[in-house]
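Chain naming here is simple, since letters A, B, ... match the order of the sequence lines and numbering starts at 1 in each. The structure displayed is predicted, hence computed values, not measured ones.
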Amino acid sequence: MIQQVHPRNPGGAAEGLALPKGPLDLADLTAAPRFGLKGPGSTDWLIGHGAALPEVNRLADWQGMRLLRLGREDLLLLAEGAGEALDRTLESWRAHPGPRGWSAWREEGWAWFRLSGPAQDEAMARLCAVDLRPTIFPGDRIAQTRICGVEAVVLRGGRGFDILFDITLTAHLIGRVAAATHDLCQREVEP
Amino acid sequence: MSRLPEPWGTRIDRTRPLRFRFEGREVMGFAGDSIASALAADGQWMLSRSFKYHRPRGILSMAGAEANTLVQLPGQPNMLAERVALCEGLEVRAQNVSGSLARDRGAVLDLLGRFLPVGFYYRSFMGPGKDAFLRVWEPMIRRRAGLGTIEPAATGGEFIAAHLHCDLLVVGGGLAGLSAAVTAAEAGADVILCDENTMPGGAATWQREGAAALPGLLARVEAAPGLRLMRKTTCNGWFEDNWLPLIRDGRLWRTRARQVIFATGAIGQPPVFRNNDLPGILLGSAAQRLMAHYAVRPGRRAVVLATEPEGYRVALDLAEAGVELAALADPRPGGSGGQMAAVLRRRGVEVIRATVEEARGRRHLKAVRVGGRWIDCDLLAVSAGEVPAWQLPCQAGARLGHDEATGRFRLSLPEGPLGLAGAVNGRGGAEAARADGARAALEALARLGGPAPAPEPAPETAPGAFALPVAAHPKGRDFVDLDEDLQVKDLIHTVQEGYGELELLKRFSTLGMGPSQGRHSAAAAARILAQATGRTVGEVGVTTARPPVGPEPLGLLAAGDAPVERRTALHGRHLALGARMQPAGAWWRPFQYGDVADEVAAVRQAAGMLDVSTLGKLELRGPEAGAFLDRLYTMAHANQPIGRVRYCLMLNEMGTVIDDGVAFRMAEDRYYVTATTGAVARVYADMLFWNAQWRMKVDVANLTSAFAAINVTGPRARAILQAAGSSFDLSTAAFPHLHGREGEVAGVPVRAMRIGFTGEVSVELHCPASRAVPLWEALTEAGKAEGLLPYGLEASRILRLEKGHIIIGQDTDALTTPDELGMGWAISRRKPFFVGKRALEMRQRLGLSRRLVGLRFPEGGKLPGESCLILRKGTPVGHVTSIAQSPTLGRAVALGYVHPEDAVEGTQVTAKCRNGTLVAAQVMNHVSFDPDGRRQEM
Amino acid sequence: MPLRLLKYGLSRRYPVRGDLPPTPDLRPAYDVVIVGGGGHGLACAYYLSRYHGIRSVAVLEKGWLAGGNTARNTTTIRSNYITPEGIAFYREGVQLFEEMSRELDFNVMFSQRGQLTLAHSEATLRSFHLRAEMGRHLGTRIEVVDTKGVEALAPLLHMDYGGALEIVGGLWHADGGTARHDAVAWGYASQAARRGVELHQRTEVLAFERVGERIGAVLTNRGRIGCGNVLIACGGMNYPVALKAGVELPIRNFPLQAMVTQPLKPFLHNLVSSVSLHTYLVQTDRGEVVIGGGSDPYQLYSTRSTLDMKEHLAAGAVHLFPFLKSVQLTRQWAGITDMTPDYSPIMGASPVENLWLDCGWGTWGFKATPVAGKRMAETIATGRVPAILKPFALARFGSFRLLNEMGATAASH
Amino acid sequence: MKILTCPMNGPRNIDEFQSFGPMREAPDPEVASDADWARYLFQAENQPGVVVEWWRHVPSNYFFLAERDIVTNRVLRTFDPGEAE
């Protein structure tokens with residue numbers, strides 16, 4: 001039986017850690033499908049497969065997935081609710097004989113969290129030094145930066161901020177986010 | 001004491017009285033009061049005792065950070081009484097007092113002042129005997145040291161840090177700052193205006209002048225889009241690239257501003273005369289603030305010292321508040337208050353053309369001497385000129401110059417995203433400040449690149465000469481720096497001793513070193529020093545302005561910090577098994593689950609499994625991956641057959657061993673390489689760095705977190721894997737030592753390698769992190785019948801030491817070469833290049849100075865500990881790097897460095913135990929257990 | 001009250017001692033020109049004039065005396081190093097401090113309150129044991145203490161963090177202490193000046209005139225001076241100054257930052273430092289808590305300080321002493337350190353015959369002020385490098401005889 | 001906090017970056033003298049003024065070069081190593 005255990009699952013490394021809820025909501029999407037492609041050949045394969053590649057640090061929609069360009073040859077497909085599209089893509093990627101890049105194992109190496117709610121902007125201003133206000137950081141941008149001192153990929157999705165980061169830091173980051181924002185559930189947004 | 005009637009007291013809410021205690025006595029105040037204003041309203045002017053002489057001190061500026069006003073709150077030493085808002089039940093105590101504030105036994109020091117000249121501690125306290133200072137004098141000095149008291153149990157409250165970004169930050173919400181902020185915001189800029197007061201408006205909130213302009217500006221602030229007004233917020237420093245900490249209570253905003261305008265006003269400079277430090281002597285602005293903001297009458301009978309027109313306004317305000325005006329002293333030749341002087345005279349106030357020469361009083365001002373005449377008063381309000389608030393601009397690179405003609409200090413900014421507005425720019429006065437704010441905003445807009453309207457012409461201001469009265473008194477107590485109790489003669493003597501450079505003077509005399517950092521001593525000190533050294537005030541200058549501008553609690557600065565903590569995918573399993581966890585770098589690792597000897601025995605006799613997920617795991621892929629590894633590591637990897645695992649050893653460019661691991665060639669163009677737990681971050685970064693220079697066709701992926709790893713080891717290891725079910729042949733012939741396979745174990749995809757640290761048959765299974773728990777469970781299940789035990793770090797260390805495997809960082813240091821480790825076999829001689837090769841060759845020519853060997857100690861005898869010295873003819877030549885009791889062998893096993901001539905098996909060397917006992921040890925092979933290595937190859 | 005102070009209290013006029021004479025005009029030549037009027041240069045001048053009879057000495061200082069790293073360091077004095085060479089050298093330094101106040105008739109307030117360095121891991125503890133074993137073997141007062149011992153030495157330390165910051169033991173160095181940094185320089189300056197050494201402030205070296213393998217003259221902003229020997233001892237400016245003489249030093253410059261709180265009634269007797277937190281604390285005799293330990297992570301010749309380093313140091317301090325959260329910070333500053341590849345100084349000869357080096361002091365130079373001054377004076381006076389300095393030769397880098405002190409230098413300065 | 005402008009990620013606080021020191025030209029190890037090799041190992045560019053140095057943007061693992069004045073700390077230019085002349 002194939003079985004996966006992510007950090008917050010029973011038996012996982014961050015089992016039982018509660019996530020902030022309320023005006024600030026932290027959701028765990030780690031189990032959602034995604035795939036990272038990295039190294040020479042990655043972009044060529046994607047282009048050959050019909051993807052219109054965004055610039056580095058931008059993202060684009062592709063076949064119901066979000067295609068993130070993290071570097072010249074470093075790409076990430078986020079397939080929340082588009083697992084089948086990802087499976088199809090992976091099938092043809094695996095079958096491709098020529099240069100096609102290599103798996104970056106992002107579905108294993110990274111946790112995927114989403115921070116949302118009315119206090120999301122104030123919370124992000126505490127967690128991250130980059131200017132993430134919507135006028136400066138619209139939805140098609142990616143910030144590779146730090147969240148609470150942890151390296152992370154941040155984007156502003158329609159449903160909140162998506163944060164991808166080292167999966168072994170899951171418990172640590174939950175703790176840091178909770179400590180930095182614990183007051184936001186009771187207070188109005190400022191300044 | 002009753003308060004002045006409304007409209008005096010704009011900041012207090014008379015409907016909300018508050019009760020608090022000062023020195024154990026109950027005092028009433030109002031919401032909106034500061035501690036200082038409430039105490040002043042109560043007639044309690046003395047707030048503290050001074051640092052050195054324990055003189056009574058109180059309010060000077062109502063704005064500053066002077067030691068005068070520092071009080072002790074519960075768990076919070078050195079709090080500024082003028083700034084801390086009053087709250088119900090607050091316990092306030094005076095600081096630096098022996099006995100009580102009123103009857104401070106330390107006050108005797110004031111009488112002994114003659115015996116404590118400036119720098120006195122350099123002249124005495126030296127004997128008798130060489131440690132007399134430590135034994136006798138320093139404890140005495142330390143008993144007198146310090147101001148406030150820490151409370152060991154204090155938690156410091158809650159601190160939160162965040163970030164802000166803006167086009168323009170305006171610091172200071174006086175008329176200039178308000179005007180700058182609204183001008184820029186109305187032009188479309190994204191503006192933050194921070195002001196440290198509860199209400200913006202600056203001097204217009206306590207002076208008549210400009211008060212009329214304030215409501216209009218505040219309405220524009222309200223209406224301006226994109227203008228964020230942050231009240232009660234202090235900008236406490238300027239750092240590179242306009243990075244500014246804004247602080248309010250327990251909040252820190254690290255603020256990035258594309259442009260900054262400093263509208264920080266000016267700092268009143270007190271004149272110098274004998275007993276100028278008595279409570280009751282206030283800056284004129286302080287008297288005005290007390291009246292306007294807090295409805296506190298600052299005295300009953302006042303003398304005003306005015307060398308600026310503001311002084312006359314202060315006098316009029318005092319009169320209006322019902323304070324009897326005894327006299328106004330204006331020593332300026334030809335100086336006058338114009339219309340205002342006439343008004344005062346009409347009210348019967350005498351205007352004396354002289355300065356205040358002396359004051360007297362014990363705990364409060366009783367009288368001042370003006371032009372030789374003593375005048376009774378309980379208030380002296382001084383308006384003797386200002387210096388631009390230079391701290392922030394100077395931190396940002398501004399220079400504080402001095403106009404010798406007018407005697408005024410003037411700031412000049414460097415080119416850059418910075419501006420000055422208002423009094424800090426020499427544009428005092430309401431209308432001038434407002435216009436200067438608008439000008440500064442337009443200039444900032446232009447620098448931001450937006451359309452900027454032309455500035456309106458600013459009114460010319462021609463400030464009069466600045467003549468700060470400095471009246472040195474032969475008997476002293478004419479204080480220049482109140483924080484540090486420095487008198488005029490102290491500065492003169494300091495110069496006479498040779499410390500005439502301002503920074504030397506500061507260090508010898510401690511001028512400006514106190515809590516207010518020279519705010520109120522700058523002008524007087526510069527003048528005194530200029531006169532004493534024959535230089536101009538401009539040449540003397542002010543001391544370097546260092547951040548922070550005002551005091552800031554350490555907790556606020558520490559708000560953003562916590563050590564990083566990593567957990568392997570199996571963390572939950574270890575906890576469930578009751579493991580004792582130990583930090584290893586950022587990781588948590590199981591130290592032991594049960595009895596360490598049992599764990600060792602299980603590995604030697606049956607099987608054990610160890611979570612090795614913290615190992616670095618790097619995948620190198622691309623046509624030049626092998627060639628790349630050949631350049632990075634000492635062994636040959638390009639010719640490594642597919643499916644084989646090879647040891648890899650990494651040197652730095654100095655030829656020092658920095659890491660080791662294994663490389664599994666998975667395909668022609670793909671290697672899976674491990675690195676040690678502590679080194680992988682650096683190894684990975686170095687790989688990327690080297691390849692940024694070499695530009696080889698290789699991609700490096702750091703899979704450390706993506707993969708978990710379990711090492712199954714022991715005579716029964718193979719049986720356990722077979723029981724768990726594997727997709728590949730596990731037999732020795734099909735899968736020998738130092739081979740790797742991809743396949744499945746217990747249905748989990750794995751990269752399996754025949755490697756280990758224990759010397760037993762070992763299979764290291766690397767699997768995707770999300771599959772680690774199922775794999776662990778399956779192995780546990782399969783191992784039940786075979787005696788499998790999970791083991792921890794401690795057992796692992798013993799097992800590796802029995803086998804003489806080194807741990808880099810423990811058995812090596814910053815200079816260890818492979819030859820010192822006896823690892824010459826790991827150096828490929830044929831490769832033209834690898835990192836460290838050239839240095840290694842040069843170091844080889846120097847010869848060895850030590851060798852790492854195995855050490856065997858006589859059984860039953862005293863054993864040295866780790867790091868104990870190895871001596872040769874009494875001289876240290878090395879040390880024991882690792883030692884442990886081997887349950888397998890029933891004796892100690894150890895590694896250590898010895899002199900190279902002694903590195904021959906059987907040689908006797910001497911180790912020095914921690915208690916000094918010398919013990920003999922025999923040099924032996926590194927490997928104590930199964931020296932031929934047969935067990936691991938089975 | 002000490003009798004010495006009676007003189008001040010009972011004299012009608014303040015009895016001026018004149019510690020530092022005003023800068024005189026430059027003479028055409030000096031036996032020894034010392035570039036750098038910091039602690040090291042002034043100490044060398046003192047030892048030359050007092051013990052070697054060399055009084056024709058000019059100390060050239062670009063700014064004001066001891067205004068560089070002497071004024072900016074956090075005054076730790078210790079000898080808890082790892083190598084025999086390092087321990088022998090710094091031990092002599094500590095011994096000289098013990099006599100310094102009386103030798104100079106200037107109270108430098110040397111106080112051996114002891115230094116406690118904290119270990120947060122077994123690996124650190126192991127390195128502490130090595131330092132303790134080596135130090136004790138060579139006669140310094142040093143020992144490893146367990147957590148009980150740590151608590152006894154610093155009762156207010158927060159011990160039970162758990163995790164990576166758990167304190168597992170410490171290195172107690174009873175010889176460790178502090179001194180009033182400025183006073184050390186002033187004491188040497190004052191005594192050197194009394195013996196004829198000239199102190200030239202606001203005197204900047206612009207170039208060196210080479211005559212064959214020697215320096216013939218030193219060109220300054222105030223004129224040209226001939227020289228017998230030249231010593232370079234100018235801290236953060238060693239690299240560019242040596243380069244003017246054609247000597248390229250293996251040095252990179254980094255700012256080192258520190259900060260200080262408002263005065264508090266004494267609560268911390270010993271010096272406390274933590275290698276893992278890169279933080280150390282000492283409470284001065286004024287009651288201020290000096291917090292240091294942060295080197296900037298990239299090369300820079302600047303004494304600007306940063307908010308990030310302040311936050312880092314504050315975090316370290318409150319980890320150790322949580323009650324410091326409500327203590328107010330007064331001031332932060334930085335010095336420019338000159339770091340060598342092996343974190344050890346460069347002393348002795350240079351490739352230029354009469355040019356001597358006292359460089360590469362990085363973050364740890366203050367404690368060596370007396371011993372470097374004394375031994376460099378001996379070197380210059382005799383023309384021979386004494387055995388105690390030989391391991392620190394510039395030539396060690398060409399021959400890979402580096403000093404193995406990297407582990408003992410970090411964070412406790 | 002100083003800003004460093006990453007050629008790939010744009011302006012960021014310098015604490016997102018790791019300095020790898022001034023660019024060094026390695027001599028040919030086959031022919032260089034011991035003295036030259038030691039010089040390569042131990043001497044770093046440290047002259048007051050502009051140095052060209054390596055930086056890594058840590059979150060994206062991108063390496064680039066910067067021209068920075070090590071006295072004023074002013075960054076004159078940052079560029080991808082592919083653009084190095």
Side-chain angles (χ1 to χ4, degrees), chain B residues 75-78 114-115 117 120-126 130 133-134 138 141-142 145-152 154 156 239 243 245 493 496-499 501 503-504 507 515 546-548 551-555 557-558 560-561 563 565 583 813-815 842-843 846 866-869 876 879, chain C residues 1-2 4-5 8-9 14 16-21 64 67 84 98-99 101-102 106-107 109 111-112 126 129-130 133-134 137 156 163-165 182-183 262-267 285-287 305-307 310-311 314-315 317-318 323-333 400 402 404 406:
Chain B
Q76 294 181 295
N78 298 351
R114 280 183 70 76
F115 297 91
F120 66 91
Y121 26 82
Y122 302 127
R123 310 295 192 211
S124 52
F125 308 126
M126 282 184 273
K130 73 173 181 183
F133 183 71
L134 176 67
E138 188 178 49
I141 292 170
R142 283 176 91 84
L147 293 173
T149 309
I150 58 107
E151 170 56 58
F239 298 93
W243 180 250
H493 295 159
Q496 288 170 343
E497 295 287 14
Y499 305 89
E501 296 283 347
E503 293 285 350
L504 282 175
R507 287 170 165 81
R546 302 187 192 285
E552 56 193 12
L554 288 175
L557 298 166
D561 177 83
E565 223 177 77
D813 59 33
L815 294 179
M842 289 161 73
R843 293 174 72 179
L846 287 172
E866 280 172 353
S867 301
C868 279
L869 300 181
H879 64 276
Chain C
M1 178 172 303
R4 296 283 292 263
L5 294 176
Y8 291 95
Y14 174 80
V16 176
R17 200 157 91 160
D19 293 340
L20 310 178
W64 60 90
E98 289 169 357
E99 297 297 337
S101 293
R102 291 193 298 172
F106 205 105
N107 191 352
M109 291 173 247
S111 166
Q112 286 178 302
R126 199 176 292 119
H129 274 297
L130 182 56
E133 291 304 315
M134 197 65 95
H137 187 75
L156 297 178
L165 290 180
D182 296 323
Q262 289 184 348
L264 300 161
K265 293 292 172 197
F267 66 92
D285 288 347
R286 280 166 57 86
S305 42
T306 64
L307 178 61
K310 179 162 62 175
E311 292 188 52
V318 305
F323 55 82
L324 288 178
K325 280 181 188 169
S326 48
V327 164
Q328 311 279 332
L329 192 78
T330 294
R331 194 164 63 248
Q332 63 178 130
W333 68 92
F400 284 91
L402 302 199
N404 210 345
M406 286 76 144

For C/Lys265, does its backbone N or O pair with a side-chain atom of B/Thr149 as donor and acceptor, under 3.5 Å?
no

Donor-acceptor pair, C/Asp285 side chain versus B/Ala145 backbone, under 3.5 Å?
no

Could you tell me which of B/Pro563, B/Gly148, B/Pro515 has the largest number of non-hydrogen atom pairs under 4.5 Å with chain C?
B/Gly148

Report yes if some heavy atom in the side chain of B/Leu504 is under 4.5 Å from a heavy atom in the side chain of C/Asp182; otherwise report no.
no

Without swapping roles, check the side chain of C/Ser326 against the backbone of B/Gly75 for a donor-acceptor pair under 3.5 Å.
yes

Under the ring pair (Phe, Tyr, Trp, His ring centres under 6.0 Å) test, residues paired with C/Phe400 that sit two or more places apart:
D/Phe42

Does any part of the side chain of C/Asn107, heavy atoms only, come nearer than 4.5 Å to the side chain of B/Tyr121, both counted from C-beta?
no

Between B/Trp243, B/Phe120, B/Tyr499, who has the most heavy-atom pairs with chain C when the cutoff is under 4.5 Å?
B/Tyr499

If you count heavy-atom pairs under 4.5 Å between each of B/Arg507, B/Glu501, B/Gln76 and chain C, which one has the most?
B/Arg507

Give the minimum heavy-atom separation between C/Glu133 and B/Ser867, together with the two atoms involved.
CG-O, 3.4 Å

Do the side chain of C/Glu311 and the main chain of B/Ala558 share a donor and acceptor less than 3.5 angstrom apart?
no

Just by modelled atom types, is the B/Pro548 backbone N or O under 3.5 Å from a matching donor or acceptor in the C/Gln332 side chain?
no

Side chains of B/Pro117 and C/Tyr14 in contact at under 4.5 Å (non-hydrogen atoms)
yes

Grab the two heavy atoms, one from C/Ala314 and one from B/Leu554, that are nearest each other, plus how far apart they are.
CB-O, 3.7 Å

Per-residue contact mode, B/His879 against chain C (heavy atom under 4.5 angstrom)
side chain

